[in-house]
Undergrad: 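Structure below; questions to follow.
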Amino acid sequence: MTSRSAEVIRNTAETQIRVRVDLDGTGKSALDSGVPFLDHMLDQIARHGLIDLEIEAKGDLHIDAHHTVEDIGITLGQATARALGDKKGIRRYGHAYVPLDEALSRVVLDLSGRPGLDWHVQFTRAMVGQFDVDLAREFFQGFVNHALVTLHVDNLRGDNAHHQCETVFKAFARALRMAVEPDERLGGRIPSTKGTL
């Protein structure tokens with residue numbers, strides 16, 4: 001199999017971001033987003049998705065974290081799409097349930113070539129430390145728009161907003177890991193009746 005890795009650099013007036021992703025990694029990460037809680041969540045993607053992930057970001061954090069978090073989602077989506085290439089021989093679909101103490105989340109995704117986010121997460125509080133939990137959705141919206149992924153996210157229960165958010169990111173990691181895995185039974189074919197994804 002050819003290397004499934006990619007690097008994307010995205011510079012705007014609001015953020016400067018570099019993302020490198022290796023879909024066939026071992027879960028290593030080097031993260032410096034300037035948003036500590038986001039780094040904690042991105043580390044979940046790497047570790048539980050067995051994706052090697054490098055992210056460096058400088059953003060207008062003096063305003064707030066919105067542009068930085070959203071643009072990291074965008075850039076990670078671009079890098080993931082580039083690393084996937086033509087998507088020949090992959091499973092395409094992935095799903096996972098992940099608990100953390102009282103919290104439980106389900107994530108289902110389709111590497112469909114069509115962006116869509118169906119988000120059902122009611123956080124129990126607005127902030128986790130200095131992190132505005134509304135930005136979790138912005139991250140995933142940026143990701144799906146640029147990775148061209150259909151993503152369904154449901155937090156089924158939870159009392160602790162940190163746990164709720166962490167189960168979402170861990171379940172996303174596991175679902176993505178499943179979807180990008182090679183499926184030997186496909187024999188290198190694209191898993192679509194259209195012949196393209």
Side-chain angles (χ1 to χ4, degrees), residues 4-23 25 27-84 105 107 109 111 115-151 153 155 160-173 175-177 180:
R4 297 194 303 167
S5 62
E7 181 172 293
V8 173
I9 295 172
R10 184 177 190 271
N11 293 320
T12 73
E14 297 167 340
T15 60
Q16 297 81 51
I17 296 169
R18 182 185 73 85
V19 170
R20 186 179 187 286
V21 63
D22 182 350
L23 299 178
K28 295 181 296 186
S29 65
L31 306 166
D32 184 12
S33 71
V35 183
F37 185 75
L38 179 64
D39 286 344
H40 179 45
M41 294 300 102
L42 294 169
D43 191 42
Q44 307 307 318
I45 294 175
R47 288 175 186 267
H48 296 282
L50 291 180
I51 294 167
D52 289 349
L53 192 56
E54 296 175 20
I55 297 179
E56 297 173 18
K58 290 189 174 25
D60 53 1
L61 296 178
H62 60 285
I63 297 173
D64 69 7
H66 187 287
H67 298 142
T68 300
V69 174
E70 179 181 27
D71 289 3
I72 288 172
I74 289 170
T75 312
L76 179 59
Q78 291 171 335
T80 300
R82 190 174 295 177
L84 278 169
S105 290
V107 172
L109 65 83
L111 302 174
L117 176 62
D118 198 58
W119 179 266
H120 298 278
V121 183
Q122 296 293 322
F123 287 106
T124 57
R125 66 181 190 271
M127 303 291 288
V128 175
Q130 300 301 308
F131 185 80
D132 178 352
V133 295
D134 284 347
L135 298 182
R137 179 176 185 150
E138 297 303 320
F139 171 85
F140 285 110
Q141 189 68 68
F143 178 85
V144 302
N145 285 350
H146 292 268
L148 302 179
V149 169
T150 299
L151 182 65
V153 180
N155 174 241
N160 181 303
H162 186 136
H163 292 173
Q164 289 175 289
C165 199
E166 190 164 327
T167 58
V168 166
F169 275 82
K170 285 178 174 175
F172 169 74
L176 183 61
R177 174 177 162 184
V180 304

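Reckoned from all heavy atoms, side chains included, excluding hydrogens, waters and symmetry mates. Since the model is a prediction, treat every value here as computed from it, not as a measurement.
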Undergrad: Donor-acceptor pair, Arg4 side chain versus Val180 backbone, under 3.5 Å?
TA: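 Here the side-chain-to-backbone pair exists.
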Undergrad: Pair up each side-chain donor or acceptor in residues 130-141 with any protein partner under 3.5 Å, not counting sequence neighbours, and list the distances.
TA:
{"unit_1": "Asp132", "atom_1": "OD1", "unit_2": "Asp134", "atom_2": "N", "d": "3.0"}
{"unit_1": "Gln141", "atom_1": "NE2", "unit_2": "Asn145", "atom_2": "OD1", "d": "3.1"}

Undergrad: What residues form a side chain to side chain contact (heavy atoms under 4.5 Å, CB included) with Glu14, not counting sequence neighbours?
TA: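 Listed in chain order: Thr12, Asp60, His67.
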Undergrad: So which atom in Gln122 and which in Gln164 form the shortest heavy-atom distance, rounded to 0.1 Å?
TA: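 Looks like O-NE2, 3.0 Å.
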Undergrad: Does Asp39 have any salt bridge (Lys or Arg N to Asp or Glu O under 4.0 Å) partners at least two apart in sequence or in another chain, and if so, which?
TA: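 Result, salt bridge (Lys or Arg N to Asp or Glu O under 4.0 Å) vs Asp39: none returned.
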Undergrad: Is any side-chain heavy atom of Val107 less than 4.5 Å from a side-chain heavy atom of Leu176?
TA: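 The answer is no; the side chains never approach within 4.5 Å.
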Undergrad: Please report the closest heavy-atom contact between Leu53 and Leu42, naming both atoms and the distance.
TA: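 Residues Leu53 and Leu42, closest heavy atoms: CD2-O, 3.8 Å.
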Undergrad: Could you tell me if the side chain of Arg20 sits less than 4.5 Å from the side chain of Ser5, heavy atoms only?
TA: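 Yes, side chains in contact.
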Undergrad: Identify, with sequence neighbours excluded, every residue that meets side-chain hydrogen bond (donor to acceptor under 3.5 Å, both in side chains) alongside His66.
TA: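 Once residues adjacent in sequence are excluded, His66 has no partner under the side-chain hydrogen bond (donor to acceptor under 3.5 Å, both in side chains) criterion.
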Undergrad: Mind listing the closest non-hydrogen atom pair of Val149 and Leu111 along with its distance?
TA: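 Heavy-atom minimum between the residues: CG2-CD2, 3.6 Å.
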Undergrad: Atom CD of Glu54 and atom CD of Glu7: how far apart are they, to the nearest 0.5 Å?
TA: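 Rounded to the nearest 0.5 Å, the CD-CD separation comes out at 7.0 Å.
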Undergrad: Roughly how far, to the nearest 0.5 Å, is CG of Asp43 from NZ of Lys28?
TA: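 Separation between the atoms: 13.5 Å.
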Undergrad: Please report the interatomic distance CD(Gln16) to NZ(Lys58), rounded to the nearest 0.5 Å.
TA: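 Atom-to-atom, Gln16:CD and Lys58:NZ are 8.0 Å apart.
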Undergrad: Do you know the tightest heavy-atom contact between Asn11 and Ile17?
TA: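 Here Asn11 and Ile17 meet closest at OD1-N, 3.9 Å.
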Undergrad: Would you say that Phe143 contacts Leu117 through its side chain, given a criterion of any heavy-atom pair below 4.5 Å between the two side chains?
TA: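 No. Closest side-chain heavy atoms not under 4.5 Å.
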Undergrad: Can you tell me how far the CE atom of Met41 sits from the CG atom of Leu31, to the nearest 0.5 Å?
TA: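 Met41 atom CE to Leu31 atom CG measures 11.5 Å (nearest 0.5 Å).
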Undergrad: Working to the nearest 0.5 angstrom, can you tell me the gap between His146 NE2 and Thr75 OG1?
TA: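 With rounding to 0.5 Å, NE2 (His146) is 8.5 Å from OG1 (Thr75).
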Undergrad: For Arg125, check salt bridge (Lys or Arg N to Asp or Glu O under 4.0 Å) against everything at least two apart and list the hits.
TA: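 Partners of Arg125 under the salt bridge (Lys or Arg N to Asp or Glu O under 4.0 Å) test: none.
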Undergrad: Evaluate Phe123 against Asn155 for side chain to side chain contact (heavy atoms under 4.5 Å, CB included), listing each step before the verdict.
TA: CA-CA 9 Å; Phe123 287 106; Asn155 174 241; over 6 Å; no
Undergrad: Heavy-atom distance under 4.5 Å between the side chains of Ile74 and Asp71, does that happen here?
TA: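 In contact.
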Undergrad: Considering non-hydrogen atoms only, spot the tightest contact between Ser33 and Val35 and give its length.
TA: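 Between these two residues, the closest heavy atoms are OG-N, 2.9 Å.
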Undergrad: Start with the C-alpha distance between Phe37 and Val69, add both sets of side-chain angles, then the distance that settles side chain to side chain contact (heavy atoms under 4.5 Å, CB included), and finish with yes or no.
TA: CA-CA 11 Å; Phe37 185 75; Val69 174; over 6 Å; no
Undergrad: For Arg10, is the CZ atom crowded, meaning more than 12 foreign heavy atoms sit under 6.0 Å from it?
TA: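 Result for CZ/Arg10: enclosed.
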Undergrad: Roughly how far, to the nearest 0.5 Å, is CZ of Arg177 from CZ of Arg47?
TA: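 Separation between the atoms: 13.5 Å.
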Undergrad: Hey, mind stepping through Phe169 and His48 against ring-ring contact (aromatic ring centres under 6.0 Å, His included) and telling me if it holds?
TA: CA-CA 9 Å; Phe169 275 82; His48 296 282; over 10 Å; no
Undergrad: Under the side-chain hydrogen bond (donor to acceptor under 3.5 Å, both in side chains) rule, collect the residues that match up with Arg82, sequence neighbours excluded.
TA: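 Testing Arg82 for side-chain hydrogen bond (donor to acceptor under 3.5 Å, both in side chains), a comparison that skips the adjacent residues, returns none.
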Undergrad: Can you give me the closest heavy-atom contact between Ala79 and Ala6, atom names plus distance?
TA: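 Nearest pair, atom of Ala79 first, then Ala6: O-CB, 3.5 Å.
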